[in-house]
There are 2 protein chains.
Amino acid sequence: MKERISTARKREIVEGFYNLSIVNGLENTSIAKIGKHLDMPPSLIMHYFPTREILISNLIDYILEKYLLIYQPIIKDLEQNESVDASLIVETLFSRNWNLLFDDGVFYSCYALIFRNDKIKKEYRILHEKLRESLKEILDKNKEMEGKDTAVLAEQIFIVVEGAYYYLSMFDDEAAYSQKVTYFKNQVYDLLRKKEAQLL
Amino acid sequence: MKERISTARKREIVEGFYNLSIVNGLENTSIAKIGKHLDMPPSLIMHYFPTREILISNLIDYILEKYLLIYQPIIKDLEQNESVDASLIVETLFSRNWNLLFDDGVFYSCYALIFRNDKIKKEYRILHEKLRESLKEILDKNKEMEGKDTAVLAEQIFIVVEGAYYYLSMFDDEAAYSQKVTYFKNQVYDLLRKKEAQLL
DNA sequence: TATAATATTGAATGAGTGTTCAATATATTT
DNA sequence: AAATATATTGAACACTCATTCAATATTATA
């Protein structure tokens, strides 16, 4: 019972931190502000997260956890069919639903921390490796992929996806945005179509 | 003369800000710390940069200015030859010299600001468009590129480069790093080799 | 040389920071 | 019901923050 209170409070605090960070930025979201937002004294936050660093670490866990949900449409499809076709993969990877899962501003602020914090760097690395492994498994279920090095293919596809999200975040103009997305989707389709297995 | 003092001081301050941010992170680099680092009172910094926001804006100008220097090896080569071959382009884009030009931690911290600051977003967008336009011009000088949509090609190449830098920053292991770089370089070579012009 | 403009200093401001601590309330275990 | 563990409170801490201001030093202009 107390265990439940503890975990519920922790989650409440992390989510409050996250939601405030979306609006104010990670660097401007203080423990006092989180407390005011959630109507609880800062000392209670410190009770569950002894230092701000620990709190940030938990926020990152929370964000990365959400990040893994991208594959949900594909997993859902796999429950009914044996393999997934290319278009569902591409459309899922570039869907804007992704942006709804987590806030890009907070995500990149946390990402920037990898350069000065090895623990965070490792967490990010593990997540990104997971994303690629999952894509490889999905690709391996497809007969058209036989004989291809799906591990390398997954790496190359994700580089396009991640580069695209990075770049496209700079564009507000809907027309320019969607035209560029088309280029990058085609780029992934080309990778999937490529006949020869990737050379080492 | 006074003009010179002013611009020299401004540059000194921005560089101090930048150098401290590399070590402590952008969010932990205060005006007081910059002052102590440069042995000048905070009030002098405020004299040249009335608000912290303006100072950050100038830091971003400074970083983006450095970013544009990637093309230097190619420009140097173009002074002697009429066109640049693919390998110099690919090697330049993936060279680690790039990392020496500016600090990635500071760069991504500043990048994260685009999500809450439209002025910064626009600056970043303009830089990234410039990078692509320059690459297009370089590609256009090459006869092998005739008939290809070099504008789209430049977009697709840069997506790979930027995605790669984002992803590779998570890896410290030299072997894993260089193997992955190989994949991504090949990916760009494939783009350059592709016969058909890109469909709209 | 006198005047105006800019450069530089140092002290002060109030607000906000993360964190600590002792006291109290609530729930769990004995 | 008593003892123990956890949850919650609110006040306080020393410190740092960006920013302001009046005073002084230096340089440029008239």
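Just so we're on the same page: letters track the sequence lines, and every chain starts at 1.
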| request: Go through A:Y108 and B:Y108 one step at a time and tell me if the ring pair (Phe, Tyr, Trp, His ring centres under 6.0 Å) criterion holds. | output: CA-CA 7 Å; A:Y108 282 109; B:Y108 283 109; 7.1 Å; no
| query | When you check the phosphate oxygens OP1 and OP2 of C:dT8, does a side-chain N or O of B:Y48 lie under 4.0 Å from one of them? | reply | yes
For [X] and [N], give me the distance from atom [atom1] to atom [atom2], rounded to whole Å.
X     : N      : atom1 : atom2 : result
B:I5  : C:dT9  : CD1   : P     : 12 Å
B:M40 : D:dT19 : CE    : P     : 17 Å
B:M46 : D:dT19 : CE    : C1'   : 5 Å
B:R4  : D:dT26 : CZ    : P     : 20 Å
A:L44 : C:dC21 : CG    : C1'   : 15 Å

Got a donor-acceptor contact below 3.5 angstrom from the [X] side chain to the [Y] backbone?
X      : Y      : value
A:Y71  : A:K76  : no
B:D77  : B:P73  : no
A:D149 : A:A151 : yes

Can you figure out which of [options] approaches the side chain of [X] most closely?
X     : options               : result
B:H47 : D:dT9, C:dT8, D:dT19  : C:dT8
B:R9  : C:dA7, C:dT8, D:dA7   : C:dT8
B:R52 : D:dA7, C:dT8, D:dT19  : D:dT19
A:S43 : C:dT20, D:dT8, D:dT19 : C:dT20

| said: Here's one to test your reading of the geometry: is the NZ or CZ of B:K180 within 45 degrees of the ring axis of B:Y167 and under 6.0 Å from its centre? | reply: no
| field | Interface residues of residues 20-39 of chain A with DNA chain C (non-hydrogen, below 4.0 angstrom) | value | A:S30, A:I31, A:A32, A:K33
| Nearest-0.5 Å distance, CZ of residue B:F184 to OH of residue B:Y189 | 15.0 Å
